[in-house]
**Q** 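Quick one: the structure is below, questions incoming.
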Protein chains: 2
Amino acid sequence: MSQTAVHQCTHAALPLALAGVSDPCSHCESRSISLCSSLDEQGLAALSRITAAVPYAAKTDFVSEGEPATYLFNVTSGTVKLYRLLADGRRQIVGFLSAGDFIGIAVNDRYLYSAETVTPVTVCRFAKSKFKTVLEDYPALEKRLFLMAKNELAAAQDQILLLGRKTARERIASFLVMMDKRGAQPKGAALHAVHLPMSRSDIADYLGLTIETVSRTFTQFRNDGLIRLEGISGVTLLDPDGLAELAEGL
Amino acid sequence: MSQTAVHQCTHAALPLALAGVSDPCSHCESRSISLCSSLDEQGLAALSRITAAVPYAAKTDFVSEGEPATYLFNVTSGTVKLYRLLADGRRQIVGFLSAGDFIGIAVNDRYLYSAETVTPVTVCRFAKSKFKTVLEDYPALEKRLFLMAKNELAAAQDQILLLGRKTARERIASFLVMMDKRGAQPKGAALHAVHLPMSRSDIADYLGLTIETVSRTFTQFRNDGLIRLEGISGVTLLDPDGLAELAEGL
DNA sequence: CAAAGACATTGCGCTGGATCAATTTGCCAC
DNA sequence: GTGGCAAATTGATCCAGCGCAATGTCTTTG
C-alpha cells in the first residue's frame with residue numbers, strides 16, 4: 001500500500017525532473033521559511049542536486065506510518081495532514097502542514113505517522129540516504145532540523161493539553177485562533193478572514209471530536225456573534241480576542 | 001513563584017556541591033542511559049565540571065512553564081511529572097520522567113512545561129549557558145539531544161492518539177502497559193509487577209480522565225481478572241497481552 | 001496505639017458530546 | 001440549468017465519563 005504511494009511519487013516526479021529546471025531551489029518561494037533558510041548558496045545548490053519537486057493531487061496518501069523512512073519531504077505549497085490510526089479505524093490527525101513545513105522526522109528510521117494531502121500540494125523530496133551526506137557538510141542544517149523538532153514538540157504539547165482538558169467550544173476556539181495566526185495577515189489587520197482547506201471530518205479528527213459537534217459548535221459561535229461563516233471553507237473571526245480567551249479557558 | 005523554586009535549587013545544591021565529590025559522573029548509575037552515554041571520558045569530565053547533583057524532596061516544583069530556561073536537568077533517580085495548566089487550574093500532565101530522562105528542551109529559551117517531583121529525586125543540573133559551550137566541543141551530545149527530542153515527539157504523538165481517540169479502558173490499559181515496559185524486568189520474566197509511584201490524581205491528569213474514572217477502571221480490570229491491585233501503588237498485570245490488545249483498541 | 005489527615009474507592013444522578021437519522025447545501029458533470 | 005453525489009447541518013436520543021457526596025483505607029505523628 002505504501003509502496004504504491006512511493007511509486008506514485010516517482011512517476012509524478014518525472015515530468016518536473018526531466019523538465020530540466022536547473023536550480024528550482026534558488027527561486028523557491030518557501031525558501032525563506034523552510035529548512036533551506038539555514039543554507040548558503042553553496043549548500044542550497046548541494047541540496048538542490050538531490051531534490052525532486054513533486055506535485056500531488058488532493059487526497060493523496062504519500063507517507064505511511066511505520067514504513068521505512070526512505071524519503072524526506074519539504075512542503076512548498078498546499079496543505080497536508082498527518083495522522084495515526086487505531087486498529088478499528090479510529091483516526092487522530094496529529095497536525096496540518098503548509099508551505100515550509102518538514103515531513104520525515106523518524107524514529108528507528110520509520111515514519112511516525114501517515115501523511116495525506118488535503119489540497120493539491122507540491123513537495124521537495126529527498127532520499128534520506130543522500131540527505132544525510134548533505135547534513136554532514138552543513139551542520140547548520142541539522143541545527144535547523146533540531147529547532148523544527150522542538151517547535152513540533154511544543155505544538156504537540158499544546159495539542160495534548162487541548163485534547164486532555166479542553167471542552168468542545170475551547171477546542172474549536174483554539175483551532176480557529178491557530179488557523180488565524182498561521183495565515184496571519186502582515187500587520188494587525190483587523191480583518192480576520194480565515195481559510196479552512198480541510199473538511200469538517202478532518203477538523204473533528206484533529207480536535208478529538210465528531211463531525212456533528214464541530215458543525216454544531218460553529219453554528220453556536222455564529223449565533224454568539226463570534227464568527228461569520230463564509231461558504232464552506234471560509235470563516236471570519238468577528239471577535240478574535242474573545243475566541244483567544246475562550247481558547248485559554250478564561 | 002518559580003524564582004522561589006530556582007532559589008530552592010540553589011540552596012539544595014550547596015551541601016552536595018561543597019561536599020567535594022571530585023567526579024560524581026564517572027560512577028553515575030544512570031550514565032549509560034542518559035545523554036552522558038554519548039560522551040567519552042574527556043567529555044564526561046567537561047560536563048562533570050559544570051554539573052551540580054541536586055536532591056529534591058517529593059512534591060517539589062523545580063521548573064515553571066514559561067520561565068526563562070536557565071537550567072537544564074538530567075534525572076538520575078526518582079520520578080518527575082511534567083505538566084501544563086489552563087487558566088482555571090485544569091491540569092494536563094504531559095509526561096512522567098525517570099532516571100536517564102532529560103528536562104530542558106526549550107523554545108525561545110523558555111520552558112515548555114512545569115516540572116514537579118513525584119518521589120524524592122536527584123537530578124544533575126547544568127547552567128544552560130555553560131552547557132552550550134560543552135555542546136560546541138562535543139557534537140555527539142547535540143546528536144543525542146536531537147535523538148531524545150525525536151523520542152519525546154514520538155511519545156507525544158502516542159499521547160495525542162490516546163487522548164483524542166481512546167476510551168477510558170483503553171487509556172488505562174495503555175498506561176499500565178507503558179509502565180510495565182518502562183520498569184521492564186530483564187527477560188520476558190512472566191512476573192509483571194508494576195510500581196506506580198504517582199497518585200490516582202496524577203494518573204487522571206495524565207490520561208485526561210478524573211480520579212474516579214481511573215479508580216473505577218482499575219477495579220473493573222481487577223474484576224475482569226486483568227490485574228491484581230497490591231496496596232496503593234502496586235499492580236500486577238495478570239494478562240499483559242490482553243491489556244496490550246485493549247490498549248491498541250482490539 | 002489512637003487520632004487525624006490525605007488519598008482511594010464506591011454509589012448515584014447528571015450532562016457534554018456521541019450516535020443515529022433526516023434534511024439541506026454545495027459542487028460538478030453533463 | 002439539472003440531476004446526482006458528497007459533505008454539512010440539524011434534530012432527537014443515548015451513554016461514557018463527570019461531579020458530588022459518603023465511605024473506606026493507608027500513613028503520619030504525637
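All figures in this text were calculated on a predicted structure; none of them were measured in a lab. Below, chains carry the letters A, B, ... as their sequence lines are ordered, and counting in each starts from 1.
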**Q** With sequence neighbours excluded, what pairs up with A:Glu212 under the salt bridge (charged side-chain N to carboxylate O under 4.0 Å, His left out) test?
**A** none
**Q** Expressed in angstrom and rounded to an integer, what is the separation of A:Leu196 atom CG from D:dT9 atom C1'?
**A**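 Rounded to the whole Å, the gap is 16 Å.
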**Q** Rounded to the nearest Å, what distance is computed from the CG atom of residue A:Leu229 to the C1' atom of nucleotide C:dG26?
**A** 14 Å
**Q** Should A:Thr213 be listed as having a side-chain N or O under 4.0 Å from OP1 or OP2 of C:dA18?
**A** yes
**Q** So, the side chain of B:Glu248 versus the backbone of A:Leu86: is there a donor-acceptor pair under 3.5 Å, distance only?
**A**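 Looks like no, no N/O pair under 3.5 Å.
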**Q** Report yes or no: does A:Arg165 contribute a side-chain atom to a donor-acceptor pair with the main-chain N or O of B:Arg90 at less than 3.5 Å?
**A** no
**Q** Just by protein heavy atoms under 4.0 Å, how would nucleotides 20-30 of chain D read 5' to 3' in B, S and -?
**A** B----------
**Q** Checking A:Thr236 now: which residues fulfil side chain to side chain contact (heavy atoms under 4.5 Å, CB included) with it, not counting sequence neighbours?
**A** A:Ala193, A:Arg228, A:Glu230, A:Leu238
**Q** Write down the atom of A:Leu176, the atom of A:Ile227, and the distance for their closest heavy-atom approach.
**A** CD1-CG2, 4.0 Å
**Q** Mind calculating the distance between CD1 (B:Ile211) and P (D:dG17) to the nearest angstrom?
**A**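 So the CD1-P distance, B:Ile211 to D:dG17, works out to 17 Å.
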**Q** For DNA chain D, what residues of residues 198-210 of chain B have any heavy atom nearer than 4.0 Å?
**A** B:Gly208, B:Leu209, B:Thr210
**Q** Show me the protein contacts with nucleotides 3-6 of chain C, counting only N or O atoms at under 3.5 Å.
**A**
none

**Q** Is the number of heavy atoms from other residues, nucleotides or ligands within 6.0 Å of CD (B:Gln220) greater than 12?
**A** yes
**Q** Judged by atom type as modelled, is there a donor-acceptor pair below 3.5 Å linking the side chain of B:Ser98 to the main-chain atoms of B:Gly78?
**A** no
**Q** Over 60° means perpendicular and under 30° means parallel, so tell me whether B:Phe62 and B:Phe73 are parallel, tilted or perpendicular.
**A**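 The rings of B:Phe62 and B:Phe73 stand perpendicular, inter-plane angle above 60°.
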**Q** Between residues 162-173 of chain B and DNA chain D, which residues have a heavy-atom gap below 4.0 Å?
**A** B:Thr167, B:Ala168
**Q** B:Arg222 CZ to C:dT10 C1': how many Å, rounded?
**A**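 Spelled out: CZ on B:Arg222 to C1' on C:dT10 is 11 Å.
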**Q** Judged by atom type as modelled, is there a donor-acceptor pair below 3.5 Å linking the side chain of A:Lys166 to the main-chain atoms of A:Gly249?
**A** no
**Q** Take the protein atom CD of A:Gln220 and the nucleotide atom P of C:dG16, then report the distance between them rounded to whole Å.
**A**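 Nearest whole value for this atom pair: 11 Å.
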**Q** Would the distance check show the side chain of A:Asn151 and the main-chain N or O of A:Met148 forming a donor-acceptor pair, the cut-off being under 3.5 Å?
**A**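 Checked: no pair found.
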**Q** Counting distance only, does the side-chain N/O of B:Gln92 pair as donor-acceptor with the main-chain N or O of B:Tyr83 below 3.5 Å?
**A** no
**Q** What I'd like to find out is whether the side chain of A:Phe218 reaches to under 4.5 Å of the side chain of A:Arg200, using heavy atoms alone.
**A**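 In short, these two side chains touch, coming nearer than 4.5 Å.
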**Q** So, A:Ser30 and A:Thr76: side-chain donor and acceptor under 3.5 Å apart, yes or no?
**A** no
